[in-house]
Amino acid sequence: MIKITLPDGTTQEHSDQTTSLDIARGISERLANDVVAAEVNGKIVDAARPINDLVEDPEQISFRLLTTRDPEALGVLRHSCAHIMARAVMRLFPGTGLAFGPTTGHGYYYDFDLEQRISEEDFPRIEAEMQQIIKEGEPFERFELSREEAVQLCEDMNQELKVEHVKTGLADHGSLSFYRQGEFVDLCRGPHIPRAGKIKAFKLLSIAGSFWKGDKDNKSLQRLYGTAWFSKQDLNSYLEQVEEAKRRDHRVLGKKLGLFHIDPKVGQGLCLWLPKGSTIRALLEEFIKKELINRGYDPVYSPHIGRVELYETSGHFPYYRDSQFAPIFGHDAGRIIDFCIRKLQDDELSPENESALLQAAEIMGYEQQDYKRASTKDEKIAALRKWEKAQERYLLKPMNCPHHCEIYKSQPRSYRDLPVRLAEFGTVYRHEQTGELNGMLRVRGLTQDDAHLFCTAEQVEDEFRHTLQLVQFVLKSVGLDDYRVQLSLRDPKSDKYVGSEENWQQAEASLRKVLQESGLRFEACEGEAAFYGPKADFMVRDAIGREWQLGTVQLDYNLPERFELEYTGADNKPHRPVMIHRAPFGSLERFVGMLIEHFAGAFPLWLAPEQIRVLPVTDKTSDYAQEVVAELKKAGFRVSADLRSAKVNAKIRDAQLELIPYMLVVGPKEQEQRSVSIRDRIESKDIGMLPLDEAIAKFQQEVREKTIRQQFKSTFQAMEASSDESNEY
RNA sequence: GCUGCUGUAGCUCAGUGGUAGAGCACUUCCUUGGUAAGGAAGAGGUCAUGGGUUCAAGUCCCAUCAGCAGCUCCA
């Protein structure tokens, strides 16, 4: 006998061989028909498996049926759909090798090893074949094999990658599960839906390259992406959301609205801020600067480059070498030395390189004895480093913190001075891989709204609290109110972390306490902390339900150590401060890019590059229009007049397409009464005539209150499916 | 960085080996019109760059540069 506890707390007893489907049937036939899977002791399992096989203690089973109404069930559905897709591909392309086929946030993919290239033109017939398989309605049947049998089966099916995976990746699994559906058998952890007919709506989305086990040195595979839903409506609203995201693409809107430009002649990933985009950025900067001064920050500036030694001290240079721009050397020949050090480290220095190196050394006038005498690799590298250090080397700064540490150190600090809060819109340069660059969201030159707080261990809690308040305030001001915090803590089992045990414990406890008090939604993730300290990241959801990682607050025990930062305590002895990195926006590039998509280009009045456009009905009121513009400018607005000899309809259309918040139509009537007719881009119609000074007061209030009047809210419920990242099977 | 796709006027795109096209934007002229496009004319291109095949290349091949999607990465 087994004893199950249902979510409402009631218990039931069943015989040993009872399956979840049996239990559903006991409640109602209709429920049984809706069952997709079950959750047994918190684990999602096949509805068709006897529950007793899944538990250790048959007396204590928490049990829940998952139907088409449960978001977790979508993952099961999609995984099954991935199998069906693979089956269809194997029918159409005999000899297809199978790799992995997991679910993703909104769908699934399957990686295929196949000579013949699949293209989007093949999608209709693959989909037709899938439809056929679903119609055949065969069940998914699970069976288990020993490792030897599993290898044999995969060999018999000519699935080399599966054979390899069973032998290597799953080496510690005693027995392995497979699922059979008709002629299709796949090594798979499961679970699956009971019958293929549950899949009411699916679609193939795209094809892309991938690598076996994600390693670029491995075999390249073809990855077919698809999505699947419980109903046609769900599929359609998902596809609409995808379309909506495309319409909002900041790269398209940025071009259309003249916000920013990226030009290959300037360089990949280097953003040119056009006047309108710069206006938005300047407004955000101004806003935050004012806020920082109110909150006790001190402004600082630091240069765009710094000596390589500075980043050797901080540890950034050696650690992130590949994602930095190459150092700038005082002498061209320095690059040869740098190159040779790297070659030596990899044991790849050729005799030609070495003679070029000695020539370069001669040009720069270095003593060569050390190098020539050196016999081991390490001695040679040491000699080269000595040469290298004899000249100045600069790095485009990848981080602001080393500069700020030096500012901290530039004078003695007393405990009475702490906390010291140094703020700078610091521009940093990172040589991101080509494939990572993406409009403004991922660039090679970016400006962080950075600040570093230097405080005592006791002050960490307060500083963290203040920083959280600042980030919340900032997000609210731009209308982002849906977010959560990810608290990244250390992995207690790992020893990669710097800083004392005591510090970590205290820091993690303070962060957790402050977050709890704040009432913010947060989740703690063990093992996600940086080696130098725990951090809290703000995950912000935009108007169409996408999540972005923006602001961040990070504690740092490493840099104060490396830079030997100190303050004099009340005991008149030197102490080490704690450092906090924080950036409410992250980078201005990323933040503005995200805002463009969030507002779909329609910025609120306080941020809109052009807030108001005055549209004279005919040339006869041009003079009055210019007078209105002058008044509005005097009142602090960004405004222009459209004086073209076009009809007012055309002027309205253009202003509307440029997403200008307010249009003021002025004709003889308005001129006579010194008023304006307001048209608003949201209502898309005339919202009435107001005396000019009343209109100004209305607009000023809207700016002052940073009102968000227009925000598209998607009706799409972003259903977060449990995504199967581990790829275990 | 890897795999695949793409690169034609300021923008969006057509053009399958034989004399470079459309719409919008732009310029000029006409038009003076009350809430999403008034009309006409004109100007604008080393078809991303470099090489190759061919009597002939925007079109076929190779390389480079850049963009897109995905992978991998993100202090």
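First the proteins, then the strands, lettered A, B, ... as listed; each starts at 1.
- To the nearest angstrom, P of B:C24 lies 13 Å from CG of A:D654.
- Spacing between atom CZ of A:F112 and atom P of B:G4 amounts to 18 Å, rounded to whole angstrom units.
- The side chain of A:Q433 approaches B:C73 more closely than any other nucleotide in the set B:U32, B:C73, B:A36.
- RNA chain B is contacted by both A:V666 and A:Q324; A:V666 maps to the nucleotide lying nearer its 5′ end (nearest heavy atom per residue).
- A cation-pi arrangement is absent between A:R78 and A:Y108 under the rule of less than 6.0 angstrom and at most 45 degrees off the ring axis.
- Taking for each of A:M689 and A:P398 the nucleotide of RNA chain B with the nearest heavy atom, the 5'-most of the two is the partner of A:M689.
- With P as the reference atom, B:U31 and B:G23 are 25 Å apart, rounded to whole Å.
- In this model, a side-chain donor or acceptor of A:S645 finds a partner on the base of B:U31 within 3.5 Å.
- Using a 4.0 Å heavy-atom cutoff across all strands shown, A:K620 reaches sugar-phosphate atoms only and no base atom.
- In summary, A:R613 and A:D654 do not engage in a salt bridge, as defined by a charged side-chain N under 4.0 Å from a carboxylate O.
- Computed from coordinates, the A:Q671 CD to B:G34 P distance equals 16 Å when rounded to whole Å.
- Comparing B:G10 with B:C5, their P atoms sit 28 Å apart, to the nearest whole Å.
- For the pair A:W504 and A:V498, the tightest heavy-atom approach, listed with the atom from each and the gap, is NE1-O, 2.6 Å.
- One interatomic measurement links the two molecules: CD of A:E658 to P of B:A37, which rounds to 16 Å at whole-angstrom precision.
- For A:E694 and A:K698, the salt-bridge test fails: no basic side-chain N is under 4.0 Å from an acidic carboxylate O.
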Using residues 258-265 of chain A as the side-chain source, report each donor-acceptor pair under 3.5 Å to any protein atom, sequence neighbours left out, with the distance given to one decimal.
unit_1	atom_1	unit_2	atom_2	d
A:H261	NE2	A:D263	OD2	3.1
A:D263	OD1	A:K265	N	2.8

Do any side-chain atoms of residues 305-313 of chain A form donor-acceptor pairs under 3.5 angstrom with protein atoms, and if so which ones, sequence neighbours left out?
unit_1	atom_1	unit_2	atom_2	d
A:E309	OE2	A:R393	NH2	3.2
A:T313	OG1	A:E309	O	2.9

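- Looking at heavy-atom distances under 4.0 Å, A:S314 makes no contact with the nucleic acid at all.
- Spacing between atom NE2 of A:H403 and atom P of B:A75 amounts to 20 Å, rounded to whole angstrom units.
- Contacts of A:L657 with the nucleic acid, taken as non-hydrogen atoms under 4.0 Å apart, include base atoms.
- When all heavy atoms of A:E670 and A:S677 are compared, the pair lying nearest together is OE2-OG, 2.6 Å.
- In this structure, the nucleotide among B:G34, B:A75, B:A36 sitting nearest to the side chain of A:E670 is B:G34.
- Going from the P atom of B:G21 to that of B:G58 covers 14 Å, rounded to whole Å.
- With rounding to whole Å, A:R653 atom CZ is found 5 Å from B:A37 atom C1'.
- Pairs engaging residues 545-558 of chain A under the salt bridge (Lys or Arg N to Asp or Glu O under 4.0 Å) rule: A:R484-A:E547, A:R541-A:E547, A:D542-A:R546, A:R546-A:E597 [sequence neighbours left out].
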Item to complete: Assign a letter to each nucleotide of nucleotides 63-70 of chain B from its 5' end: B, base within under 4.0 Å of a protein heavy atom; S, sugar-phosphate only; -, no contact.
Response: ---SSSSS
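- Here the shortest heavy-atom pairing between A:H452 and A:D450 reads CE1-OD2, 3.3 Å.
- In the set B:U32, B:A75, B:G38, B:A75 carries the atom at the smallest distance from any side-chain atom of A:R430.
- With distances taken from any side-chain atom of A:P668 to the nucleotides B:U35, B:A75, B:G34, the minimum falls on B:G34.
- Annotation: B:A14 and B:U59 have their C1' atoms spaced 14 Å apart (nearest Å).
- Picking from B:A36, B:A75, B:G34 the nucleotide with the shortest atom distance to the side chain of A:S684 gives B:A36.
- The NZ atom of A:K647 sits 6 Å away from the P atom of B:G38 (whole-angstrom rounding).
- Here A:K651 contributes atom NZ and A:Q656 contributes atom CD; the two are 16.0 Å apart, rounded to the nearest 0.5 Å.
- Taking the six-membered ring wherever Trp is involved, the centroid distance between the rings of A:H165 and A:F100 falls below 6.0 Å.
- Residue A:R442 places a side-chain atom within donor-acceptor reach of the base of B:C74, judged by atom type and a 3.5 Å distance cut-off alone.
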What's touching nucleotides 8-12 of chain B from the protein side, N or O pairs under 3.5 Å?
none

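- The separation of B:G4 from B:U12, taken at their C1' atoms, amounts to 24 Å, rounded to a whole angstrom.
- A:V540 and A:L550 get closest at one heavy-atom pair: CG2-CD1, 3.6 Å.
- Atom name P, nucleotides B:G15 and B:C73: the rounded distance is 39 Å, in whole Å.
- Smallest separation of non-hydrogen atoms from A:G445 and A:Y429: CA-CD2, 3.7 Å.
- Among the heavy atoms of the strands, none lies under 4.0 Å from A:Y319.
- You won't find any donor-acceptor pair under 3.5 Å spanning the side chain of A:N649 and the base of B:U35, going by distance alone.
- Atom name P, nucleotides B:C29 and B:G17: the rounded distance is 45 Å, in whole Å.
- Base-pairing analysis of RNA chain B finds the following stems of at least three consecutive Watson-Crick or G-U pairs, with both pairing distances under 3.5 Å: B:1-7 with B:65-71, B:10-13 with B:21-24, B:26-30 with B:38-42, B:48-52 with B:60-64.
- The residue A:V665 sits close to a base: some heavy atom pair falls under 4.0 Å.
- For A:A650, taking side-chain heavy atoms from C-beta onward, the closest of the listed nucleotides B:A75, B:G34, B:A37 is B:A37.
- In terms of modelled atom types and a separation under 3.5 Å, the side chain of A:Y557 and the main chain of A:N503 share a donor-acceptor contact.
- Nucleotides B:A41 and B:A25 have their P atoms positioned 15 Å apart, rounded to a whole Å.
- We find that OH of A:Y320 is positioned 4 Å from C1' of B:A75, with the value rounded to whole Å.
- Heavy atoms only, all atoms of each residue included: A:A99 and A:L161 are closest at CB-CD1, 4.0 Å.
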